[in-house]
Amino acid sequence: MFLHYLQHCQPDSPYFDLPSEDHAAADYPAVREPLPDGWTRELNPHWSFHVPHGCRLPLQGWKIHVSTVPDRAEPVLAIVRAFCEARRIPFKFIRNPHVLTNRNSKYGDRSSSGKFITVYPLDEQQFTTILTELGELLDGEPGPYILSDLRWRNGPLYVRYGGFVLRCITDARGRQIPCIEDQDGRLVPDKRGPGFHPPAWVTLPECLDEAVAARSAGTTRALPFKVRKALHFSNGGGVYEATELATGRTVLVKEARPLAGLDGQGTDAVTRLEQERWALQTLAGIPAVPELIDYRKGREHYYLTRELVDGVALNRGGGMANPWVEGTLDDRSGHRYTAWALDVLAQTEQTMDAMHDRGVVFGDLHPGNVLVRPDGTVAFIDLETATPIAAAAPQVIGVPGFRAPNHYRGAALDRYALGCLRLALFAPMTALLDHSPQKLDQLLALITARFPVPDDFEQQVRRDLGAGPDAGPATDRIRPTTSPSEPTAADWPALRDAIAGGILASATPDRTDRLFPGDIEQFTTPGGGVAFAHGAAGVLWALAETGVDVPDAHIRWLEDAVHAMAEPRLGFYDGLTGIAFALHRLGRTDRAREILDRVVGSGPDGLDHSLFAGRAGIGLALLHFAECTGEKELLVHARALGDRLTSATGAAKPGLLHGRSGAALFLLRLAEATGDQSLLPAAAEALRQDFADLGLPAAGPDERPEARWRIPYLRAGSAGPALVAAQLLPHLAEPDPHLSRALERSHSALTREFHPRVGLFTGRAGAVVALRQLHRGTADDTEAMHRHLAAFDWHAIRTGQHTAFLGEHSLRRSTDLGTGAAGVLLALDAVLGTGAASLPFLAGRG
């Protein structure tokens, strides 16, 4: 998912957004040129569809894809367009170079990379004719191999069997899955992953016999290794663990696809693999650099074989977990970890200096590219961006939080990354540095206050980053970090105005896709910019809940947006139910009731049991409306949903929003509303299953450091189940040791200080909401709350009079409920305001 976030990071926006290029100016001329008589054109952000009048596309069949490279796109398009128009064959093409380059980039979708034009044959005979005739016209044209398809001869034509018309089913997480019909007429997923795998019930046309034979003849059997397992895939190729046939030793193999995996300079994966080959040869003999074993072409891809390093990457702990991150920091663990981290840093710097002495710049130093072997020595991997130091080259690929400023060149790139690495081993939040220069002072203050780092540690970091060894601390902070002081109830009105003011100032009422900037879910899920989790509904609800005046124009925007939604989802956090809930809170009761009627009329079929998108969320909303309006019919509908949940099985992931805990909450609230205590055992069992999936089984201790109950979050972690368990336990006829024990362990996780994110669903804000409701009045809970309140400043960005907060991965600001400022506003109000703020349905009755 991290790669998807990068695709929505536009350099000209502080928020996640769609690519900002002007389509009208960037489109290929064929998008605007007049059509022949009898043709129509339809456009979406990526494609231009061209269909002759009267053409009825089959629902599915064999389709033909045309691959290309950016500098040959227009000539290839001219040939295909003329061919299809002369024969009245429908086709579509990528509408501009920006989209084509993104699809072929290193972080593009591997299954769609290379696809520039799609041609839709109306039958098998036409399919054969197109391949033969168009194949001759395009023979020899370059283009990346389309992994999901079968190649036709030596040109850029590829084929696969799939859907011509979009037909979808909804999976357990509410995602729309493209489908085709099987031999029995049932909709099944239209698999588009890498690899040519036509459905078992489909007979290959005879014209493909030659292509299938060529594919079989071109296998990688002649290569000097046998792949054992895949370790990683990108659009540029794969990384594999393999056995070297000549020696039997285990090796690592890197694969590169020609003309694919383009970086910011347009360099393809093969060129980068050749750069790595050069670097490994140049650096041979340096202990931290793996041995180069072999480099060759096999079939159409290139393969580099090198020593397989037995080690753990620093972004996975490097073999020693950071006790502050794990919530186990004390004097002993702090000293032990600091000694280890400083040794790793010293080795890393020595290796970097040795590379520079040989004239090589790493160019992509970050924790994922440094391994620690069992004997404690380090190794550098992934040298595909290495360049000659004399070239003073800019950085073309870099991980956020370790990528140097744009004006850095050559060896300065590695030195900057080393400075970030010094910070990240102690406080893994270096992505904050991209948003404010004051974040460096915050991170240094946090580290020096918690770890016994040497006196010159700060000077080393500033030197590496280029801030200068004598640079003093910045003064324009939101709050001092050397002696953290949390906001108090007296500060709350001003702080609330600063956060709410920032949210309202970010509004874009002229846009139709979203009103407030938020998570990328606004663009990747239908109606995401309107819905409760990441859209306008949740933001406006949170503003109203915390006492902020909501502009009437924004409420009208929400009403208009829901009216314009085509085939909206029904769930609470992702669809109509949550929008109705928000509009009811905003005073639009009639409109809310109309929307709720649409949900009830649609029925529960096809929905999962979750709070986020399924029956639990809808049922809880029905109970809310029944209580507010007194309509018994709504209670009847809620009871019907509850009957279906008592036998709920399976969950996408444990936790409140997608797991069984949401169903348990609904059953508890239904029992409270109806007095039916027979619902409670099913609620308790649902919670037990969620806790077990989180690593807290019914019997025996669980001390696994990776157990998910240690993640105290609401979306998928222990915070949500703990909140429900605390409210359910007093209702049970007998004590439940499993739930009591799980609640106790989960409560302890809420008190840890370190959280890399701030959001309500997957960060500090959610932990604060949970701790506020579970607070036992102990000194430990109170001290933990003080730490949480002070730490909100880590993620805060001051913009004039406003305070903004960073969203997922600290890549961009967000204002939405689930990941951004609206959720922070709710959490802070729960502690500093009235104390009544909480997520919907979580506040206990009485």
Side-chain angles (χ1 to χ4, degrees), residues 313-318 320-331 333-346 348-349 365-368 370 372 399-403 416-465 467 471 473-474 477-484 486 711 751-759 762-764 767 784 787-797 805-806 808-811:
L314 287 179
N315 63 351
R316 297 183 178 275
M320 179 168 289
N322 183 328
W324 185 37
V325 173
E326 296 297 317
T328 59
L329 180 63
D330 56 24
D331 286 345
S333 63
H335 277 84
R336 180 170 177 263
Y337 179 80
T338 299
W340 175 85
L342 292 176
D343 177 60
V344 167
L345 289 168
T348 301
E349 185 170 18
L365 178 64
H366 63 81
V370 180
V372 180
V399 172
F402 298 88
R403 181 171 183 143
Y416 182 91
L418 177 62
C420 293
L421 192 63
R422 293 188 198 278
L423 295 170
L425 283 186
F426 295 98
M429 298 181 291
T430 53
L432 298 174
L433 299 177
D434 297 335
H435 302 278
S436 171
Q438 288 75 42
K439 294 303 174 185
L440 173 58
D441 301 302
Q442 287 185 313
L443 292 180
L444 285 169
L446 289 170
I447 292 168
T448 55
R450 288 157 180 79
F451 293 96
V453 293
D455 293 339
D456 64 346
F457 181 82
E458 178 175 348
Q459 185 179 12
Q460 288 180 318
V461 172
R462 293 186 183 278
R463 177 202 65 194
D464 290 338
L465 298 181
R477 299 196 189 109
I478 301 171
R479 251 179 200 86
T481 54
T482 51
S483 299
E486 74 279 4
I711 304 174
T751 63
R752 77 181 194 193
E753 180 188 36
F754 182 84
H755 292 273
R757 303 173 187 175
V758 74
T762 58
R764 186 179 306 281
R787 291 196 301 267
H788 279 311
L789 290 173
F792 275 105
D793 188 47
W794 303 354
H795 315 271
I797 304 295
F805 287 90
L806 298 173
E808 291 294 274
H809 307 292
S810 297
L811 295 174

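Throughout, numbering of the chain's residues begins at 1 and tracks the sequence.
A heavy-atom distance below 4.5 Å is not found between the side chains of Leu806 and Val758. Inter-residue side-chain proximity for Leu423 and Leu440 is flagged as met; some heavy-atom pair is nearer than 4.5 Å. A 4.5 Å side-chain heavy-atom check between Leu425 and Asn322 finds every atom pair outside the cut-off. Using a 4.5 Å heavy-atom cutoff, the side chains of Phe457 and Leu444 are in contact. The side-chain heavy atoms of Asp464 and Arg422, taken from C-beta on, include a pair separated by under 4.5 Å. Between Val461 and Leu443 there is no side-chain heavy-atom pair separated by less than 4.5 Å. You'll find the side chain of Leu446 reaches within 4.5 Å of the side chain of Trp794, heavy atoms only.
Scanning both residues, Ile447 and Ala427, for their nearest heavy atoms gives CG1-CB, 3.9 Å. The two residues Cys420 and Thr430 have their closest heavy-atom pair at O-CG2, 3.4 Å. Listed here is the closest heavy atom pair of Gly368 and Ala313: O-CB, 4.1 Å. Considering all non-hydrogen atoms of both residues, Arg752 and His755 come closest at O-NE2, 3.4 Å. Between Phe426 and Trp324 the shortest heavy-atom distance is O-CE3, 3.4 Å. Heavy-atom minimum distance, Ser810 versus Pro756: OG-O, 4.0 Å.
Put simply, the side chain of Thr448 never gets that close to the backbone of Glu458: no donor and acceptor are under 3.5 Å apart. With hydrogens and angles disregarded, a donor-acceptor distance shorter than 3.5 Å links the side chain of Arg787 to the backbone of Thr751.
Taking CE from Met320 and CG from Asp343, the interatomic distance works out to 10.0 Å, rounded to the nearest 0.5 Å. Here the CZ-CG distance, from Arg336 to Asp330, works out to 11.0 Å after rounding to the nearest 0.5 Å.
With respect to Glu753, the side-chain hydrogen bond (donor to acceptor under 3.5 Å, both in side chains) criterion is satisfied by exactly one of Arg450, His788, Arg764: Arg450.
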side-chain contact (heavy atoms from CB on, under 4.5 Å) between Val372 and Trp340, intermediate numbers included:
CA-CA 11 Å; Val372 180; Trp340 175 85; 4.2 Å; yes
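The local environment of CG in Asp456 is crowded, with over 12 non-hydrogen atoms from other residues, nucleotides or ligands closer than 6.0 Å.
Salt-bridge check for Arg462 with Asp441: passed, with a basic side-chain N closer than 4.0 Å to an acidic carboxylate O.
For residues 425-436, the set of pairs meeting the salt bridge (charged side-chain N to carboxylate O under 4.0 Å, His left out) definition, not counting sequence neighbours, is empty.
Remark: Phe402 pairs with no residue by the ring-ring contact (aromatic ring centres under 6.0 Å, His included) rule, at least two apart or across chains.
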